[in-house]
Structures are given as C-alpha cells and as structure tokens.
Amino acid sequence: MVQVWNPNGKYRVVSTKPMPGTRWINLLIEQDCRVEICTRKKTILSVEDIIALIGDKCDGWLSCVYVSVFQLTEDWGETLFSALSRAGGKAFSNMAVGYNNVDVNAANKYGVAVGNTPGVLTETTAELAASLSLSAARRIVEADEFMRAGLYDGWLPNLFVGNLLKGQTVGVIGAGRIGSAYARMMVEGFKMNLIYYDLYQATRLEKFVTGMSVTYAEFLKANGEQPVTWKRAASMDEVLREADVISLHPILDKTTYHLVNKERLAIMKKEAILVNCSRGPVIDEVALVEHLKQNPMFRVGLDVFEDEPYMKPGLADLKNAVVVPHIASASKWTREGMATLAALNVLGKIKGYPVWSDPNRIEPFLNENVPPPAASPSIVNSKALGK
C-alpha cells in the first residue's frame, strides 16, 4: 500500500500516487527526505484515507491530482490542513496548474505553503487541443472505429467527409499561454485566420501572427494563396459566431461557468467544431448533448467534463463527439516535469528556500544535467505567508 524510499531520511514526504519518472524521488532523497508513495489502486482518496497517510509526522505532501472544479478528487480544506499542520507539515503541492480543490485560506491559516506546476504544460496542452481539432474536423475516431469493425468495403465519395481547416477561421477564447500556443499552431500549421477574445490584449500573439503574415505574404501570394489574418473580438459571442473552430482556454470562475450554454451554442455555425481542454464546467454539458443530437455536423473535442470523471447522459453515444480522459498534459516530458516541480515546491519549503521569481520560467528546474535552483518553483500563497 505504501512504497518507501530512503527510510532513514530526516524529512518525511508523502505522495498520494506514484508519479512519472524517478528524478523527483532522487531530488528528494538527495536532500535527506524519506519518500512514501501510496500505491493503492483507489483513484480518489477520501479525507480519512489521507489523514491515515499523514500520520503523526509529515513534513510535506505531494498531491498527484490534475483538477477541474467539481471534479471528485482530493478536497484539501480545513480538516486536512489542520491534520497536516498537527503532524508538522509545512508544504502541500498539486501536480497540476489548477488548485480549485484547495482551500487556500485554510492553508494560510495553518501556515502551509501551497504549490502548483504552471509553465510545464503549455505546449503539451495546446498540442492536444490541436489534435482534438483535427480529429473532430476529419472524423478520425469515427473512421477508426468503422475500419476496426470491418465495415470498409472500398472508397466511396461521401465516406467520412469532414471539414477542411486551411483558410478557415480559428477562434480562441482565453488567449493566455496555452490559448496563444494553440492559436500559433493552428495559424502556422494550417494557415488558418485567427479571431480571439480575451480581457487583455494578447500582444505577443498578435505580433507573431502579424509577423507571420508579413514574412509569409510574398511566399503565399507567389503560390496563389492569401496571407493569414487576425482580429481581436469585442466579445465572446463574436468569436462563436464567426469561427469555424473554437477552442476554449479561459480560467474557471463565476463569470465563465457555463460560458457555452444553449443560447451560445445556437449562434455558432452549424458545422462548427468546439474544443475544450480548459475546465469542464465552462460548457453546459446537458445543453451540449442536445445540440450535438440536433446538429449532426457540429462536432466537439473534449478533454474535460462538467462532472468529471463522469460524462452527462448521452454524450458517450454521440459520433460527433471526440472524448478523451483528461490527458492534455500527458506527454512524458510534461508529466515527469510536473512531478519534479511538485517535489521541488515541497522541498523548497522544507529547506527554507525562497520562492522562484517567475513560475512560468521553469527550464532551470527541469535541466537534468545541472542541479535545480535552490527555490520553490511556484507557491500560490507565498505573499500570504510572507515569502
């Protein structure tokens, strides 16, 4: 049930699940940590399970979860932070960017540092959003199932006709790091025009697309093609109305809960593609299921779900939905990097290191050829704790 590394280590660090790679373990062992890894097959540990693992002495805690709001996962609040504090715990870290499962105020109350792992997921998550866009557009999953079922008798003119991406418009809602990375992939890879909405101007993204348009212009014109264009929309509805492919990358809060609902689905193009690799509840999944049923040429690619790990009734039966189990960060490099950053968050607090100045500049921590900086990569409540 519990795998122990370096049993005589001075500092006790517990991980709720085995995490990818071994570097994170070695980094903790090198700093005299006893590492305990819960190996229970149970996906979601209860409060009672975690309290039992904390025991009487625990210096740090690694929570191996990747969360969406309302997801059934480890719920770290008053009870658990109180137990961790009583055991001498100084730090907690999600192996995730999000920390919606964490009551940060409770952590502040007990002086526990809360770590997360931004920066390492950007390109990997954007790549999955691009993959879902292409899979939905070209009906890859439907065609794969058809082929495996032995139904292919030969080429037909109308067999799995999908959508062309080149020259179409890609819409991005939320042009932060991941949204901008996705936009660049779609513009550069498929020569799609861009429309985006964000409360803040995505200056770097705009410069990239503008520069691409300028440098590409002569080449494209010489080949009889039009340069790519971009526009910052005045509203989310403008993106939904105009784009052929829409990818959602907003934060989840009261203003973005059910951002895509029945009314907004109705204003989208009948053959549009909607992709979500952000947070499940930004889409009203019940309304989405009904819209997919009524509009068979409308397609979605989903990595997250409103009641994760469950899907709303009917979604799994729909051929125009591509659904994957929250694997946006699931590249070997990214997952091992997340484990390393989470471990270093905890180690940094235990050792009294300062907090790293830029949580999105994480390359120095992931270079295996040199020792990592003596710092915690990302502590979300560092100001509250006076760090």
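Not measured: the values here are computed from a predicted model.
Side chain of Thr340 to main chain of Glu336: a donor-acceptor pair is present (N/O by atom type, distance under 3.5 Å, no hydrogens or angles). Put simply, the side chain of Thr256 never gets that close to the backbone of Leu259: no donor and acceptor are under 3.5 Å apart. No side-chain donor-acceptor contact under 3.5 Å links Thr334 to the backbone of Leu121. Side-chain N or O atoms of Asn193 include none that pairs as donor or acceptor with a backbone N or O of Trp230 at under 3.5 Å. Checked by atom type and distance alone, the side chain of Asn163 pairs as donor or acceptor with a backbone atom of Glu271 at under 3.5 Å. Judged by distance alone, the side chain of Asn295 and the main-chain N or O of His291 form a donor-acceptor pair under 3.5 Å. Between the side chain of Ser378 and the main chain of Thr117, no donor-acceptor pair closer than 3.5 Å is present. Between the Arg139 side chain and the Val161 main chain, a donor and an acceptor come within less than 3.5 Å of each other. Between the side chain of Thr169 and the main chain of Leu194, no donor-acceptor pair closer than 3.5 Å is present. Side chain of Asn108 to main chain of Ala384: no donor-acceptor pair is present (N/O by atom type, distance under 3.5 Å, no hydrogens or angles).
Of all the heavy atoms in Pro118 and Asn360, the pair that sits closest is CB-OD1, 3.8 Å. For the residue pair Ala272 and Ala243, the shortest heavy atom distance occurs at CB-O, 4.4 Å. When all heavy atoms of Arg23 and Pro372 are compared, the pair lying nearest together is NH2-CD, 4.1 Å.
Looking at residues two or more places apart in sequence or on another chain, you find a salt bridge (charged side-chain N to carboxylate O under 4.0 Å, His left out) between Lys109 and Glu78. In this view, Glu123 and Arg184 satisfy the salt bridge (charged side-chain N to carboxylate O under 4.0 Å, His left out) rule, not counting sequence neighbours.
The hydrophobic clustering, which links ILVMFWY residues whose side-chain heavy atoms are closer than 4.5 Å, places Tyr197 and Ile246 together. With hydrophobic clusters built from ILVMFWY side chains whose heavy atoms lie under 4.5 angstrom apart, Phe298 shares a cluster with Met236. Leu27 and Ile29 fall within a single hydrophobic cluster, where Ile, Leu, Val, Met, Phe, Trp and Tyr are joined by side-chain heavy atoms under 4.5 Å apart, directly or via other members. Hydrophobic clustering of Ile, Leu, Val, Met, Phe, Trp and Tyr side chains at less than 4.5 Å, counting indirect connections, unites Ile51 with Val14. Under a hydrophobic-cluster definition in which Ile, Leu, Val, Met, Phe, Trp and Tyr are linked whenever side-chain heavy atoms come within less than 4.5 Å, directly or via other members, Met95 and Ile350 are assigned to the same cluster.
Atom OG of Ser135 and atom CD1 of Ile273 lie 10.0 Å apart (nearest 0.5 Å).
Other residues, nucleotides and ligands contribute over 12 non-hydrogen atoms within 6.0 Å of the CG atom of Asp358. Atom CE of Met297 has more than 12 heavy atoms from other residues, nucleotides or ligands within 6.0 Å.
At a threshold of 4.5 Å between non-hydrogen side-chain atoms, the residues Val323 and Val141 do not count as touching. Contact of the Lys349 side chain with the Ile379 side chain is not registered, since no non-hydrogen atoms from C-beta on lie closer than 4.5 Å.
Taking 4.0 Å as the cut-off between side-chain N and carboxylate O, Glu36 and Arg12 count as a salt-bridged pair. Residues Arg361 and Glu363 are not paired through a salt bridge, judged by the lack of any N-O separation under 4.0 Å between the basic side chain and the carboxylate.
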Checklist entry - For Ser15 and Val35, what are the C-alpha separation, side-chain angles and deciding distance, and is it a side chain to side chain contact (heavy atoms under 4.5 Å, CB included)? => result CA-CA 8 Å; Ser15 176; Val35 181; 5.7 Å; no
Next on the checklist: Before you tell me yes or no, could you show the steps for Lys254 and Tyr257 under side chain to side chain contact (heavy atoms under 4.5 Å, CB included), namely the whole-Å CA-CA distance, both residues' side-chain angles and the distance that decides it to 0.1 Å?
Outcome noted: CA-CA 5 Å; Lys254 292 178 181 179; Tyr257 176 78; 6.0 Å; no
Checklist entry - Given Leu315 and Leu292, is the side chain to side chain contact (heavy atoms under 4.5 Å, CB included) satisfied, shown in steps? => result CA-CA 9 Å; Leu315 182 59; Leu292 289 167; 4.0 Å; yes
Item to check | side chain to side chain contact (heavy atoms under 4.5 Å, CB included) assessment of Asp237 paired with Arg264 | outcome: CA-CA 7 Å; Asp237 287 358; Arg264 282 191 163 132; 2.6 Å; yes
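Considering Val282, Leu248, Asp284 as possible partners of Val260, the one that fulfils the side-chain contact (heavy atoms from CB on, under 4.5 Å) test is Leu248. Each of Lys10, Lys90, Arg34 was checked for a salt bridge (charged side-chain N to carboxylate O under 4.0 Å, His left out) with Asp59, and the lone residue meeting it is Lys90. Residue Trp76 is tested with Val104, Val114, Val47, Leu84 for a side-chain contact (heavy atoms from CB on, under 4.5 Å); the sole match is Leu84. For the side-chain contact (heavy atoms from CB on, under 4.5 Å) with Asn276, the lone residue among Leu288, Ile283, Val300 that qualifies is Ile283.
For the residue pair Asn101 and Asn94, a side-chain donor N or O sits within less than 3.5 Å of a side-chain acceptor on the partner.
Phe146 and Tyr152 have perpendicular rings, their planes meeting at more than 60° on a 0 to 90° scale where under 30° would count as parallel.
Applying the ring-ring contact (aromatic ring centres under 6.0 Å, His included) test to every pair with at least one member in residues 20-49, sequence neighbours left out, gives no pairs at all.
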